[in-house]
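Letters go in sequence order (proteins before strands), and every chain restarts at 1. Because only heavy atoms are used, hydrogens play no part in the values below, and waters and symmetry mates are left out as well, while side chains stay in. Keep in mind it's a predicted model, so treat the numbers as computed, not measured.
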Number of protein chains: 2
Amino acid sequence: MAMGPSDGTPGLGGTKGLFSPVSVDRISEVIVEQVRLLIREGKLVPGDRLPSERSLCEQFGVSRVTVREALRVLEASGLVEIRVGARGGAFVIQPSSERVGKGLAELMTLASMTAGDVTEARMVFELGILPLVVERATEEDIADLRALVEQGLSALESGSYTMAMSAAFHVRVASAAHNPAIEMLVQTFHGPMLMSLQQAHVAAPLMGPRGAHEHFELVEAIEQRDLERARGIMTRHLQRTADRLANYSDPRLENPGGEE
Amino acid sequence: MAMGPSDGTPGLGGTKGLFSPVSVDRISEVIVEQVRLLIREGKLVPGDRLPSERSLCEQFGVSRVTVREALRVLEASGLVEIRVGARGGAFVIQPSSERVGKGLAELMTLASMTAGDVTEARMVFELGILPLVVERATEEDIADLRALVEQGLSALESGSYTMAMSAAFHVRVASAAHNPAIEMLVQTFHGPMLMSLQQAHVAAPLMGPRGAHEHFELVEAIEQRDLERARGIMTRHLQRTADRLANYSDPRLENPGGEE
DNA sequence: TACCAGGAATGGTCTGACCAATACGCTCAG
DNA sequence: CTGAGCGTATTGGTCAGACCATTCCTGGTA
């Protein structure tokens with residue numbers, strides 16, 4: 001008999017008469033908010049499993065549809081991961097820098113930003129963190145960077161160099177600053193960058209032997225803790241990227257085709 | 001009679017035998033991807049209205065539940081906005097810097113970042129953009145900033161100064177760089193910052209008359225296109241914030257209570 | 001002309017069912 | 001006793017049809 005939210009018991013037991021806001025809208029949103037809060041408070045930590053959908057229905061006093069919509073939102077927000085089958089369910093996950101950056105990249109792609117905007121912001125940031133990187137890079141960081149350079153060089157020879165490889169290098173450099181916020185942001189920058197460049201099929205021209213060699217030199221400078229040299233190399237490297245990008249008529253990211 | 005996805009017609013007409021990937025999972029995800037693509041391609045632009053749920057059901061050949069789950073994901077991703085009532089439906093929205101920053105702030109809050117991490121990244125960025133700001137700030141920018149400073153001063157007198165006001169000032173400064181990517185990032189930084197600070201009830205001590213005066217001076221420096229002075233002021237300003245933050249035992253953002 | 005009531009469009013929710021994927025445990029053969 | 005294999009229970013994914021709440025528009029009435 002489909003009791004709607006109009007009768008006395010809208011589902012969330014105990015809300016008789018003392019609603020806090022005006023919110024009568026969207027029960028699923030209330031559920032989302034509750035779970036979000038539990039996660040933020042640490043009552044739910046990554047790895048924890050939420051009750052099954054059917055169980056949540058009972059606890060919240062709502063139908064399965066509503067619970068499922070809430071779970072969809074939580075999943076889309078990157079807070080939980082849903083697995084099917086027995087012992088499945090919604091598991092709280094650790095929002096990794098990678099995951100976060102990816103979601104943001106999606107939105108940046110759609111925002112009103114030009115490739116030039118992104119490049120400019122990138123220059124500010126990647127140059128700004130160099131002091132930190134030069135100061136804090138560990139041997140492991142440098143070893144990883146060397147490996148990436150090697151990998152890049154051989155890929156370049158075989159003609160299989162991709163923008164993703166360049167992005168990986170820059171992100172790894174940033175991670176040597178040993179600051180999660182910085183790492184995430186650099187990662188974020190490369191998302192929309194990649195999309196734009198790959199769609200325009202300009203990966204190869206952007207990264208010639210010269211670029212690869214600059215990567216090599218940069219690692220060297222970092223290893224020698226030579227900030228000025230590192231800064232010089234990075235400036236040249238990014239500036240060249242910016243210049244080449246400009247030659248592609250600076251297409252808006254959300255419309256890689258360009259139409260002028 | 002509830003035809004499941006097991007019979008010959010799993011819903012999305014025309015997929016007989018030529019699936020591209022292995023993806024048979026989650027029909028709603030396919031719908032999300034289609035809409036996402038349409039938006040990215042510009043076939044759907046902000047303001048456009050998607051067909052009604054019932055109409056989408058027919059077009060996709062799926063049930064309303066499935067369509068609704070897809071819409072939930074799109075909504076959570078900040079791509080559409082859903083309005084009820086006649087002439088309602090799902091409307092494509094322009095992903096504003098504000099909206100994007102908010103979503104990211106949520107995730108940053110949960111990621112493993114300390115307030116110190118965020119502050120450090122903020123220093124790198126806000127200092128790095130100063131040259132752009134000093135160069136590009138328009139009269140309108142400066143007028144806005146002056147207004148914000150005024151507002152801050154009077155709020156300070158009446159004891160009603162909030163961190164949100166400080167955040168608004170810094171974001172407005174960043175927007176004077178006239179680069180959407182930069183503006184969004186600064187906005188993003190202030191999200192988790194605010195949460196952390198407000199929960200710790202340290203808004204007031206962080207922003208005394210001295211901080212307000214620094215805001216004033218900064219605007220002045222920008223107006224005079226005096227990069228060095230602006231840089232000096234900003235450095236002092238942020239450094240002081242960082243120092244005070246450190247006194248609060250650098251609590252992890254996701255656990256403002258601190259437990260050491 | 002101005003206002004208000006009714007209707008139509010649309011999202012929000014409910015119910016109850018079935019299918020698909022998965023993991024656990026039991027049975028039976030070796 | 002051990003291992004392989006097959007059920008079976010659990011759980012998410014989907015469907016169908018229904019009703020309610022909100023909102024806008026239209027047409028009738030004062």
Give every pair of a protein N or O atom and an N or O atom of nucleotides 22-25 of chain C that lie under 3.5 Å apart, one pair per line with the distance.
residue	atom	partner	partner atom	Å
C/dT22	O2	A/Ala86	N	3.1

Over how many whole Å does the gap from [X] atom [atom1] to [N] atom [atom2] extend?
| X | N | atom1 | atom2 | result |
| --- | --- | --- | --- | --- |
| B/Glu69 | D/dA16 | CD | P | 15 Å |
| B/Glu81 | C/dG11 | CD | P | 13 Å |
| A/Phe60 | C/dT13 | CZ | C1' | 16 Å |
| B/Phe91 | D/dC24 | CZ | P | 10 Å |
| B/Arg64 | D/dC20 | CZ | P | 14 Å |
| A/Arg26 | C/dG11 | CZ | C1' | 8 Å |
| B/Arg68 | D/dA16 | CZ | P | 16 Å |

* To do: Answer with base, sugar-phosphate or nothing: what part of the nucleic acid does B/Ile82 contact at a heavy-atom distance below 4.0 Å?
  =>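 Sugar-phosphate only.
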
* To do: For A/Arg83, answer base if it contacts any base atom (sugar-phosphate contacts may also be present), sugar-phosphate if it contacts only those atoms, and nothing otherwise; contact means non-hydrogen atoms under 4.0 Å.
  => sugar-phosphate

* Asked: Counting just side-chain N and O atoms, does B/Thr66 come under 4.0 Å of either OP1 or OP2 of D/dC15?
  ->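 Answer yes for this pair, as a side-chain N or O of B/Thr66 is under 4.0 Å from OP1 or OP2.
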
* Asked: Is B/Arg72 near enough to C/dG12 that one of its side-chain N or O atoms lies under 4.0 angstrom from OP1 or OP2?
  -> yes

Between [Y] and [X], is there a salt bridge with N-O shorter than 4.0 Å?
| X | Y | answer |
| --- | --- | --- |
| A/Glu75 | B/Arg26 | yes |
| A/Arg122 | A/Glu120 | no |
| B/Arg36 | B/Glu33 | yes |

* Residues in contact with DNA chain D, drawn from residues 47-57 of chain B - heavy-atom cutoff 4.0 Å -> B/Arg54

Would you mind reporting whether [Y] and [X] have side-chain heavy atoms less than 4.5 Å apart?
| X | Y | result |
| --- | --- | --- |
| A/Gln151 | A/Phe169 | no |
| A/Leu56 | A/Pro51 | yes |
| A/Val92 | A/Glu81 | no |
| A/His178 | A/Asp141 | yes |

* With nearest nucleotides of DNA chain D determined for A/Leu71 and A/Val65 from heavy-atom distances, which residue corresponds to the more 5′ nucleotide? -> A/Leu71

* Asked: Just how far is it from atom CG of A/Leu38 to atom CG of A/Leu50, taken to the nearest 0.5 Å?
  -> 8.0 Å

* Asked: What closest approach, in Å, do A/Arg172 and A/Ser175 show between heavy atoms, and which atom pair accounts for it?
  ->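 Between these two residues, the closest heavy atoms are NH1-OG, 2.5 Å.
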
